[in-house]
Each structure stands twice: as C-alpha cells, then as structure tokens.
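A, B, ... follow the sequence lines: proteins, then strands. Residue 1 opens every chain. Worth saying up front: this structure is predicted, and the values here are computed from it rather than measured.
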Amino acid sequence: MLSGIPLFPVQASTVAPDVDRLYFLIIAVTSFFAIATVIAVAIFAIKYRDDSGERVGAQIHGSIPLELAWSVIPFIISMGIFVYATVVFFEIVRPPAETMEIYSTGKRWMWRFQHVDGKSEINELHVPKGRPVRVTFTSEDVLHSLYFPAFRVKADAIPGRYSSVWFEATQTGDFHLFCAEYCGTKHSGMIGKVVVMEPSAYQAWLSGSDGQPLAVRGQQLFQQLACVTCHLDDNTGRGPSLAGLFGTTVELEGGANAIADDSYIRESILTPQTKIVAGYQRLMPTFQGQVNEEGVMGLIEFIKSKAATARPQPGTAPASAPPARP
Amino acid sequence: MPEAVAAHAEAHGHHAHAHHPALQHHFETLEQQKEASVLGMWIFIIQEVMFFGGLLMAYFLYRVWYHEAWVEGSNELDIVLGGINTVVLIGSSLTMALAVRSAQVGSKKGTVNWLIVTMVLGLVFLVIKFFEYKHKYDLNHIPGANFVFEGPHAGQVQIFISLYFGLTGLHALHMVIGFVLLSVIAWMAHKDRFSPEWYTPVEMSGLYWHFVDIVWIFLFPLLYLVDRTHRLG
Amino acid sequence: MMTPTLPPVTYLNHKYGVMSWLLTKDHKRIGILYMVVVTIAFVLGGVFAAGVRLELTTPQGDIWSADTYNKLFTMHGIAMVFFVLIPAVPAILGNFVLPLMIGAKDVAFPKINLISWYVFVVGFIFTVGAMVFGGVDTGWTFYVPYSSSASNTNVLMTGIGVFITGFSSILTGVNFMVTIHRMRAPGLTWFRLPLLVWALYATSFVQVLGTPVVAITLFMVVLERGLGFGIFNPALGGDPVLFQHLFWFYSHPAVYIMILPPMGIISEVIACFSRKSVFGYSFVAFSSVAIALFGFMVWAHHLFVAGISPYSAMVFSLLSYAVAIPSAVKTFNWAATMHRGAIWWKTPMFFVFGFIGLFLVGGLTGLFLAALGLDVHLHDTYFVVAHFHYIMVGGAIMGYFAGLHYYWPKMTGRMYSDILGKLSALLIFVGFNLTFFPQFILGYLGMPRRYHVYPDEWQVFNVLSSAGASVLAVGYVLPLFYLIYSLFKGEVAGANPWGATGLEWTTQSPPLPENFPGQPIVEEEAYDYHKREIKVA
C-alpha cells in the first residue's frame, strides 16, 4: 500500500527536470534557514529559561553588522534564486521554433482538442513522444486553466484571448490533465488525460482519423462567409491578400506595425476595426457571432497554409516564407 | 465612582484652558483636536482618491485599447451641459470657501447663507446630471440588455458608457453626501455652534466639497473632451 | 506578597446595560464588541472548513453536492479573510491597547470608531444573509466572468456585504493613523513607541490606501452583474484579467494587513517573556514600513499564468523576493532577542514559539511561489493553499492568540489557566502542521485548488490533512472554555501580571474608563527591562 503512494510527480517532459531542480534548490536554501532559525530559538528558549519571571535579560540593543549580514545575504541568495527561476521560466514560456500545433477550447466543463489534421478529442489529448507540441487555446465562457502536472506547464484560458503552453513529452504513458482555475460546479470534473505515444503509434492513431483537417474546414468557412470576395490572392480586392501573410509584419493605418500571428488573425475576424492595414478602407464587417472559436482556429490554419504568391505587391511589407507546416 | 471623576477633573485642571464646549474629552486642547480633524480628513480624502482611482484605471486601460470607441462615446455626451456643470461646481467651491471665511471671522449670517448658496449650486449640478442621464435613457444608451448603438464599436462604446455612469454616478453620490453634510453644518451654524475659535467642521466640510469638485474637474475632460476636434470638422 | 483585588471602578463596571455597550465611545468596549463578532465569524468559517475537510477525506464527491462544496470553500474564505483575519488584531487588540500604549484617553475619533463597528456588523449581516439564503460559490476571489455572469448564487448580496465591511477597515485605519500622530503622551517620540504601534501604523497605511480599490472593484462587479453594465465582459471587448489586477492590487496588501499587527504582537510578547529589548528595534520598526510599501508593488504575482507579459512577470517576481526580506529581518531579530534573555515559559510565549515555526514555513514557501519557473507548476494548486494557511493561520491567528492571551489579564483583570493555555498552543501547533504540511506534497503532485474530487492515489495526504484539522479544531475550541471560565473564577491579575514594560501595564487591570488617572509622561526607551526591578504582581 505504501508503495502506491506517490510523493512526487513523474517527470514526463524536457522541462520537468529543470523545474524540479529549481524546486530542490529552493527546498535546500529555505530548509537551511528554517532549521537554523528553529534550532537557534529552541536553544535560546531552553538555555536561557527562567520561570521566576523576575530576572532580566542582558542589555543588548542590536548590531548593525548582524542586521546588514542577515539582510544582504538573504537578498543576494533570493536574487540568485530569482535569476535561476527566470531562466527556467523563459524555457517554459518560449516554445522552440518548430512545434506541432494543437488547438483547444475549454468550456464548462470539458476540453476539446483539435489536431490540425482534423482529429478532434474531448478531455483526451494524444501526442507523440519526443516532439515539441504547442497547444493554443481559449475559453468559450469563463476562466479556465490548462494544467499538465507531469509536464510542469500551465496557462489560464481566458475568454476573448488566446493562451498557449508547449511541451516535449519524454515518456510514453497517460498523464493527468486538470482545469486549474475555478469555473463552477464541475471544476473538479474538468479533467482528462494526455496520452503520450511512440511516434509510430501516434501516426497510426492519427491515420484512423475521421475528421477533416482543420485547414480544410477553414477553407470551407472562408468560402461560406464570403471572405474570398474581398481577400483576393492577387491583392486586387477590397481587402489585403492573405497569401503568405502569416508570421509577417503588417503595416497598419496610423503608422503602427503588427505581427500577423494567431491573435492578430483572430482579432481581425472578430473585431476588424481595431487594426486596419495601411492603404485599405474600413470595410470589413465583424464576424462575431457568425463563427465560433473552433471555426476561427480553422480559418487561422487555412490562412497559415496559404503560401506566398510569386508577385510582390505594392503597399505590403515583404513577405517572409512561413515555416513549413507538418 | 465619584472619587474617580473628581480625581480625573483635578488632574485635568492643571492645564489653564477654558473648557470650550466643543472640546472633546479625550483631547487636551482645541488645537490638538483641530489638528486631528484636519489630518483625519486629509487621510480620508487620499483614500477617496484610491476609490475613484480603481475606476479610472479601468478607464485608462480601455482608452488606450479602444481609442476610437472612446472618441465616439465622448462625442455622444453633451459638452454644453457638462461645461455648465463644471462652471457651477467651480462656483460652488468659491461659495464654499466664502462660507469657511465667514465662519473664520465669526459671521453666522455669512456662513449660513454661503453654505445655502453652495448647496443650491450643488443641486443645480445634480438636476443637470439628471437630465443628461434621462437623455441617455431616451436614446437607449443605458448599458445592459436594452443598449442600442449604431456603429462597429458598439460593444466598446458600451464599456465607455458603463464607466461614464460608474464615474459620474459615484461622483453624484458623493455630491449627495456632501449636500447632506452641508445641510447639517448649515444647521449647526444657524444654532451658533461655530466661532472664530472653533469652526473646524465648516473647514472640514469645505475640504470635502473641494475634493468632490476636483474629481469633477478630472472627470469632465476625461469623459467629455476625448478628441472633440473630431466633431468640429 | 500582596494579593491583588479587582479595582473598584473599571471600564467594564462603570456603566451597565446593553445600551451602554451599543452606544459606547470607549475604545476598550469597542474592541470587545469587535471580538464578539469576529469570534462568531471564526466559528462560522471553521464550520465551513470542517465541511470542506470532511468531503476531502474521500476521493469521490460523496458527502456534498459539487455546488454545496463550492459554496463551503467560498464562504470559508470570505468569513475568514474579511471578518476574522483583517479585523482580528487591529480592531480587537489594537482598539483596546493602542490608546493605552501611547498614554491617550481614547482614539482620535471615538464616535467614528463606534460607527466602524456598526459598519462591520451591517456588512457581516449582509454577508451572512447571503450565506444563509442560498450561499455564494465564486471563491472569495470573485473572479469574472464567473462571478459577473455565470454563477447562480448570491454574488450581489455578498459583494455588497464585503463592500460595506471594507469601510469599517478604512475608518479604523484613519482613526489609528491620526491617533498615533497626534495623541502620543509627552516624551513618547516615534522611536520610543512600542513596536506594536509601528505595526499598527504601517497596517493603517495599507488599510487606507488599499481597501478602497477592492471596494470599487466589487462595485464594478455589482454594476456588471446587477445592472448589466459592461466593464469586464469579453463579448464587449472587456478584459477579465483587468478584474484580477484591480482585485489583487488590494488583496495582496491585504495579507500584510493580516500579518503586520500579529508581528507587532510577537515583538511585544517576545520582549516581555525574554525580559529584554527587541533586538534591532529600529530595523524591526522600519521593516514594518517597508513591508507596507513593498506590499503594494507585488500584486501581479497572482497573475503569472494569466497572460501577463513575461517581462512584467519578472518585475513582479523580483519585487516579491524583495518584500520577503523585511519579514526575514524581523524573524532573525526576534530570535536574537531571545539570546541571553530570561525566557519565561508562559502561554503567550508558547504562541510565539508556534508563530516563529509556522511563519518561517509560510514565509519561506512564498519564495517557491515567487520563483517564476516554479510558479507555473504550483499556481492554483494545494501548494498555494498550504503556503497561505501557514502564514494566515500559523502566523496571523497564532499571533492573535498570543496577543489575546497576553492582554487578557489587562482586558478582564483575570488570569486563565496557564496549563490549558499551553495545551491549546501545542494542540494548535501539532494539528496545524498535520493539516497543512501534506498539502505542500499534494500541491507539487499537481492537486488543483477548489477540487472536491481527486485521483485515488492522493487520498492518504488528504486523510492526514483532515485528521490534523480535527486536532486543530480542538486546539481552537479549548480557549473558549478556559478564557470564559477565567472571567468568573480566574485569579485576579493585578496591574502588571507579566512584569512587562509599556504604559498599558502601568495602569490598573481592567483599566479605568479614561485609561489613566493622570497624564502619563514618558522618559524612557521602549522595552527598558534592564533598568527594571521586576516585580511580578
């Protein structure tokens, strides 16, 4: 029975050992100070005990050197911890250049994961071992938070915004998935599992797919919602061409710049008037209410897949080739 | 029990001051009491700044994010009525200062009258505010289920108007409290409670009233004057 | 040896009747009035906690419905944070002892003091009303959009109740600041003040500047939920994270409201029961001020995973480490105070021992959470729950109990059973560690907060935790008995049963209505034990 009691979570991602090392370092430092102080207090309490209550203690007011020592030394130590912890943090929040994309939405009280090739899962996420995976997600209602303890990653799901976590799984197996932001009645039930598979097993699982690729869905929406009538690929339409757009820098009306990333595309679909591309009129209507979050994710994948056209167009920033899609 | 009272009075007696009727028992001198009141009122006012500050933080964040909507929302407000209200409030601060001055020189009539003028001006402000709110109601611009607004930024304009009502509503509430406060002070003045030695409550009410005025002086440009040149073209 | 008798005229007996209490302007009576309400709130919060821990003994949700459980932890938090932790030391002990400590007859604004109690009671009634008529389930943190649009519970009534209660805290803060500035006895310069006064002053600064921000934030939620206004609503372009910034701008400094006064108590008690001046007096005094100031600069460490920029997160992480330093300085100074002291093993000192042990763990575990790379994993898990309970309960409540047991003779004129007092301290210490230490382990394992259902393999730690909670409960209930018993049968205390320095101990126990027979004048430094001939009487 005792052997079945976990004391420590499994290290199932590339980042987990670094986080755990940080944890052990802080345990060591804090234990040292805690134990030293407790022992000092215990020794003083016993050694100088006087239950008559009628003697007085020594006349000692303080010691500047001691004050400096026990302010400066802990400060330096905590700055050291701060720096180390920040390095680990940037490792956690900065995904590598190449990641496998997964989209997700959380809503009360379930998580839906959408693989780019079309496979959709609820409360379960199949991923291959040894490959960086990035999950981009949002909430459809209240705050949630996507948490994979075995990978040591977490980010809040905020309605109206995208968040993301990335991880590279180092072990196969099933690992916990939790919602880590209170969201009402079934908050404790908004859980699931990540299933990490050997790459070949993952491929096999993936090919048993019965959904259409996200980008295809996006393409259908692009037609249905008549985006295609304004966003012509040869840039002669009322809206800018979206070919090769993803990842480039866009010049906006008013002089500011924006990077055409996931959030920019989402914003352009739902609140188009907030950022207008330089040289274009404010004609685009909002599609809020006409397309849901998953539809938006499909459109984003479709736009990502649109390679640059050969002819460079006047008025647009030079397009860099978008990263190759898996 | 009587011995304790006598001992207390005796111990107290070594200060050679007249027991001014307004001097509270736990203070040694009227001066100490006055300094305590002034410090207390200033700390209270700083707290009020933090109170409005929270709403203003929300206002500033969204103003940066949704400048267009802020311009639209602001241009919907009646700059004439807002301007009149600003002049009325500044005027009421003047009359309030005159009331404090009257109390300082011991003019009971001056104190009461200037307080009443201040209250009347405050009332004018509130009446004008009522008409502004009513106008919003008539246009279905009250945020909530019945909000109707033309234009692509309707949602963000609703946020602007929500903050408009929050800020001016809170301000109006402070004016109402000020009105009640001044009526109490005016009554006390009428009953000869103040003199050049002791008119601290009038002074403290003045501080409060000036604060409420200053809040408006910030609210007016922030709410009514966002990019008004837009409209003039 | 002179056997003390109760003094003939005290603040307790010079006027009788309910109205003499309900219309009192005496700071001492007002402190007791607060104690009554706070104790009721503590019992209420404890009952809710019992409900929570009961459910968590099993991995399934088998005792309460999910909604009921969510209400239990919410109401536990609201009762404890707003109606126990914030007022306990300032409004009870502070009210009672501050004027006595500085040689004043009362606080600067006695009528406002009484009004602050009524405001507290009205807020309490609203909030308890909300709890009784259906409850509230948003968590004490009221995050939007859940609280503004999704919850089906009494959010409005609770929000209004907490809003009202905030003004009680603000009025107390204003009162204390003016009292400390303007009503000190002749000769009582700032650096002769007892450290509890410095602590109360720093706390008042936080109460006055921070509380209005949470008040206006709750006001905005009420506008949004009650009137349909749009401020945080994402559908309109509103930002739910704005709520978090505004909420934590107060609620982080609030935890310093909760811990600074108990730290002040620890300084008082440790000086008395070591018969020695607090080591590094000015460093401890300045630490209180530093904590109050820095406390306003760290709020976004609650938002590390809420989408703030990593650079912003770095700033808040660095400042969070900075704010820990003054607390460490205090702790080292307290330990040093005991060195070459004459340590008297009485009940208040036992609570101090407990405080030091538990506050160390609580404060140091803050360093884990301030570490960005670690907080991603630990945010919103039981690690956080354990951390803040170690400081709030292990620190603040222990400190309150230390103060209660230290000042009880002054407040009532009676001594309580020292054996039972020590037993309580021990039970609380053991029960507390058993309850909350396993939660650090659970947190690192990944158990999220506010879950009543959890994976089977985590049951052992939860059972240990719940078992500890029952020991803790006994430790908290015990004082109710022996303290109340002491009112009737306790040995008469006399003016200074502990042989302590400080103006409050120069006057009778219980004190006169006007505190001192004459005007005290101060000519000595604080904690001048070395000049004393200690007579314990």
Side-chain donor/acceptor of Lys154(A) to backbone N/O of Val305(C), under 3.5 Å: no
Main-chain N/O of Trp345(C) paired with Asp51(A) side-chain donor or acceptor, under 3.5 Å: yes
Distance flag, aromatic centroids of Tyr147(A) and His377(C), threshold under 6.0 Å: yes
Segment of Leu318(C) engaging chain A (4.5 angstrom heavy-atom cut-off): both
Shortest non-hydrogen contact between Arg450(C) and Ser188(A), atoms and distance: O-OG, 4.0 Å
Flag if over 12 foreign heavy atoms under 6.0 Å of CZ, Phe24(A): yes
Positive for ring-ring contact (aromatic ring centres under 6.0 Å, His included) with Tyr182(A), one of Tyr69(C), Phe73(C), Tyr143(C): Phe73(C)
Among Ile43(A), Val87(A), Ile158(A), residue most engaged with chain C (heavy-atom pairs, under 4.5 Å): Ile158(A)
Asn70(C) side-chain N/O to Gly184(A) backbone N/O, donor-acceptor pair under 3.5 Å: yes
Expected output: side-chain Arg275(C) to main-chain Gly53(A) donor-acceptor under 3.5 Å: yes
Residue among Leu360(C), Leu445(C), Asp380(C) with most heavy-atom pairs under 4.5 Å to chain A: Leu445(C)
Under 4.5 Å from a heavy atom of chain A, the part of Pro240(C) involved: side chain
N/O donor-acceptor pair under 3.5 Å between Tyr321(C) side chain and Ile77(A) backbone: no
Non-hydrogen atoms of Lys276(C) and Ala58(A) that approach each other most closely: CG-O, 3.3 Å
Chain C contact via Ser139(A) - side chain, backbone, both or neither, heavy atoms under 4.5 Å: neither
Contact origin within Ile92(A) toward chain C - heavy atom pairs under 4.5 Å: side chain
Side chain / backbone / both / neither for Pro145(C) at chain A, heavy atoms under 4.5 Å: both
